[in-house]
Amino acid sequence: MNTEPKKLLLAALAGETLSRPPIWLMRQAGRYLAEYRAVRAKAGSFLKLCYTPELAAEVTLQPIRRFGFDASILFADILLLPNAMGQKLDYREGEGPVLEPIRSLEALKALGEPDIHATLSPVYETVRLLRRDLPADCTLIGFAGAPWTVATYMVEGRGGNDQAAAKTWAYQDPDGFQVLIDRLVTATIDYLSRQIEAGAEVVQLFDTWAGVLPEADFRRWCVEPARRIVLGLREKHPAVPVIAFPRGAGANYPLFAEFVQGLSLDTSVPLAWAASALQRKLAVQGNLDPRYLVAGGATMRREILRLLNNLGHGPYIFNLGHGIVPETPPDHVAALVNTVKMWQR
Ligand code: CP3
C-alpha cells in the first residue's frame, strides 16, 4: 500500500486546502543567485546551459537546496521549442533572446518540419536527472510557453515588450497565423508529453503576453490553444495537472477555469475576486509582486500575510505574480519561504 503522504503541490492542485500552502517561485533559478552565475559562466552561454543536462539539473537544484521550496521547475526556456522547430535562436547579453523573424506562411514553411525531439532530448534527460536527485517531498514541474506568447517572439524576432508584428499578422491574415498557432499546439503537446514521460509531475503553460489582446482574439489565440493542449495531454496523461499563467487576463481568467487544475495570477488580480470567482472552482497560484521581494522587510511581510490570509483558506499555491528579478536579495527569498512555512490556517 502506498502510505507516502501526498506532495503538497499535488494536493493543492487536487483541490485540497492545506494547513499551509506549498511554495515555489517563477524564475527561482537564475541570476540573483551567485551559484547560478558561476554555473552559467562555466556553461559559456545560456543556450549551452539549457542543453547540457548535468548543468541544467544543477541550477534547477540550487534554489531547492538553499531555500527548501516545495516544488522545482525544470530549468529551460520557452524559446527552446521554436529553436527545435528550426528557428535560429541566440541570447545576447543585455538584449535577451534574438530569433530570425518569421512574418508569413512562406517563412514558416521554409523552416521545414524537423524532428523537435532531436534538439529537445537533452531537456528530457534533465527531467530524468531531476527525478533521481530531487528530495522525495519536492514536486517536479515541467513547462512550455503558450502558443500566443511563443508566436510573439517567433514573429517579432526578439524579446522586449513589442507584440506588434504578431498582432499585425494575426489581424491581417488570421488563417495564415492559425497555421503557426496550430503547429505550436501540436509541438507543445508532444514536448510536454515527453517531459511528463521523463518524470514531470505537473506542467505549467506560460502565456506572458495574454493580456495584450482584445476579447475575441484572446479567446482565439490564448484560450482555445490552451484548451487544445490540455485536452491533448489529458488523452495520454489524464492524471497530470496543468497550471495556466495567462498574465494580464484580468476578468477573462475564469475562461480557463473549466479545463485547467491551477491558475497562476499576475500581481494585478484582486484577491477577494480571485477567492470568489476562481478559487471555488480550482487552485490558484500567485501573486506577490516580485518588487516586494526586492523591497523585503516589514512591508514584504505584511504583503505576504495579506496573500496568505486572503487565499490560504482555499486551494492555494504561494508564488509571485511574475518571475524573480535579478536584483532580488537571496535573504529576502529565505525570509519569504520562512514566513509561508510558519503560517498556519
Ligand atoms: O522559472 C525557472 O526558474 C525556470 C526557468 C525559466 C527560464 N525562463 C529561464 C531563463 C522559465 C520557466 C522561463 C520562461 C520564460 N522565458 C518566459 C515566460 C515567463 C516570463 O518570464 O514571462 C519567457 C517570456 C521567456 C523568454 C526569455 N528568456 C526572455 C524574454 C529572456 C530574457 C530576459 C531575461 O530575464 O534575461 C530569457 C532568458 C532567461 N530564461 C534567463 C533565465 C534564467 C536569463 C538568462 C541568463 O542567465 O542570462
Side-chain angles (χ1 to χ4, degrees), residues 23-52 55-64 66-67 69 71-83 87 89-99 123 126-127 130 138 140-154 156-163 166 188 191-192 195 200 202-212 222 243-249 264 266-267 285-287 290 293 319-328 333:
I23 175 169
W24 70 279
L25 303 178
M26 292 191 270
R27 290 278 180 102
Q28 63 191 21
R31 286 163 294 188
Y32 76 108
L33 293 176
E35 60 267 36
Y36 170 86
R37 298 193 297 271
V39 176
R40 165 88 161 70
K42 187 169 131 192
S45 77
F46 177 68
L47 267 184
K48 281 214 186 88
L49 177 52
C50 291
Y51 286 134
T52 308
L55 299 183
E58 169 57 22
V59 297
T60 309
L61 291 166
Q62 287 171 345
I64 307 304
R66 209 195 241 255
F67 304 115
F69 288 116
S72 176
I73 183 161
L74 160 71
F75 190 87
D77 197 75
I78 66 165
L79 301 178
L80 301 187
L81 183 62
N83 189 216
Q87 196 173 18
L89 170 66
D90 190 17
Y91 291 81
R92 298 196 191 135
E93 220 55 66
E95 211 182 325
V98 182
L99 303 107
V123 176
T126 305
V127 173
L130 287 168
C138 188
L140 181 57
I141 305 169
F143 75 92
W148 163 250
T149 286
V150 174
T152 65
Y153 291 97
M154 293 180 80
E156 187 63 44
R158 56 184 173 74
N161 293 0
D162 204 353
Q163 298 79 45
T188 303
Y191 181 39
L192 290 176
Q195 291 182 30
V202 171
V203 295
Q204 177 155 324
L205 267 180
F206 286 87
D207 212 350
T208 304
W209 301 116
V212 303
C222 296
I243 304 172
F245 177 46
R247 190 171 73 108
S264 198
D266 66 71
T267 291
Q285 170 175 284
N287 67 351
L293 203 51
N319 207 316
L320 304 174
H322 199 190
I324 291 183
V325 295
E327 56 269 43
T328 304
V333 177

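What you see is a predicted model; the values in this text were computed from it and never measured. Order of listing sets the numbers, starting from 1, for every ligand and every atom in it.
Without hydrogens or angle criteria, Gln285 side chain to Trp24 main chain gives no donor-acceptor distance under 3.5 Å. For the pair Thr149 (side chain) and Thr208 (backbone), a donor-acceptor distance under 3.5 Å is present. Gln62 places a side-chain N or O within 3.5 Å of a backbone atom of Tyr36 that can act as its donor or acceptor partner.
Nearest non-hydrogen protein atom to atom 35 (O) of ligand 1 is Arg31 NH2, 2.6 Å. Taking atom 10 (C) of ligand 1 as the reference point, the nearest protein heavy-atom neighbour is Phe46 CZ, 3.4 Å. The shortest contact between atom 11 (C) of ligand 1 and any protein heavy atom is with Phe143 CZ, 3.7 Å. Protein heavy atom nearest atom 25 (C) of ligand 1, with residue, atom name and distance: Ile78 CG1, 3.5 Å. When hydrogens are left out, the protein atom nearest atom 4 (C) of ligand 1 is Leu74 O, 3.5 Å; that is the closest non-hydrogen contact. Given atom 13 (C) of ligand 1, the protein heavy atom at minimum distance is Arg27 NE, 3.7 Å.
Contacts of Glu93 with ligand 1, taken as heavy-atom pairs under 4.0 Å, are absent altogether. The side chain of His322, and not its backbone, has at least one atom closer than 4.0 Å to an atom of ligand 1 (non-hydrogen atoms only; side chain from C-beta on). Residue-level proximity to ligand 1 for Thr149 is absent, since no heavy atom of it falls below 4.0 angstrom.
With Asp77, Leu80, Ile324, Leu49 as candidates, the residue nearest to atom 27 (C) of ligand 1 on a non-hydrogen basis is Asp77. With Tyr32, Phe75, Tyr36 as candidates, the residue nearest to atom 47 (O) of ligand 1 on a non-hydrogen basis is Tyr36. Closest heavy-atom approach to atom 5 (C) of ligand 1 within the set Ala146, Cys50, Ala76, Gly142: this belongs to Ala76.
Atoms of ligand 1 found under 4.0 Å from any heavy atom of Tyr153, numbered from 1 in the order shown, are 24 (C), 30 (C). Close approach to Pro97 involves these atoms of ligand 1, each under 4.0 Å from a residue heavy atom: 29 (C), 30 (C), 31 (C), 32 (C). In the vicinity of Phe206, heavy-atom distances shorter than 4.0 Å reach the ligand 1 atoms 12 (C), 18 (C), 19 (C). Within ligand 1, counting atoms from 1 as listed, the ones closer than 4.0 Å to a heavy atom of Thr208 are 18 (C), 19 (C), 20 (C), 22 (O), 24 (C).
Residues Ser72 and Ile64 come closest through the heavy atom pair CB-CD1, 3.7 Å. Shown here for Val325 and Tyr32, the closest heavy-atom pair between the two residues is O-CB, 4.0 Å. Annotation for Pro97 and Tyr91: closest pair CB-CE2, 3.7 Å, computed over non-hydrogen atoms. Considering every non-hydrogen atom in both Leu55 and Ala43, the closest pair reads CD1-CB, 3.8 Å.
Per-atom contact check: atom 33 (C) of ligand 1 does not touch the protein, criterion being a heavy-atom distance below 4.0 Å.
The distance criterion of under 3.5 Å between nitrogen or oxygen atoms is not met by Gly96 with respect to ligand 1. Any N or O atom pair closer than 3.5 Å counts here, and Arg40 shares at least one such pair with ligand 1. Checking only distances, Tyr91 never comes within under 3.5 Å of ligand 1, N or O to N or O.
We find the OG1-CZ distance between Thr328 and Arg31 to be 10.5 Å, quoted to the nearest 0.5 Å.
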- request: Could you check Gln163 against Trp148 for side chain to side chain donor-acceptor pair (under 3.5 Å), going step by step and ending with a plain yes or no?
  value: CA-CA 10 Å; Gln163 298 79 45; Trp148 163 250; over 6 Å; no

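Looking at heavy atoms from C-beta onward, Phe75 lies out of side-chain contact with Val39 at the 4.5 angstrom threshold. Two residues are said to be in side-chain contact when any heavy atoms from C-beta on lie closer than 4.5 Å; Arg247 and His322 meet this criterion.
No close placement of the Phe143 and Phe245 rings is indicated, their centers lying 6.0 Å or farther apart.
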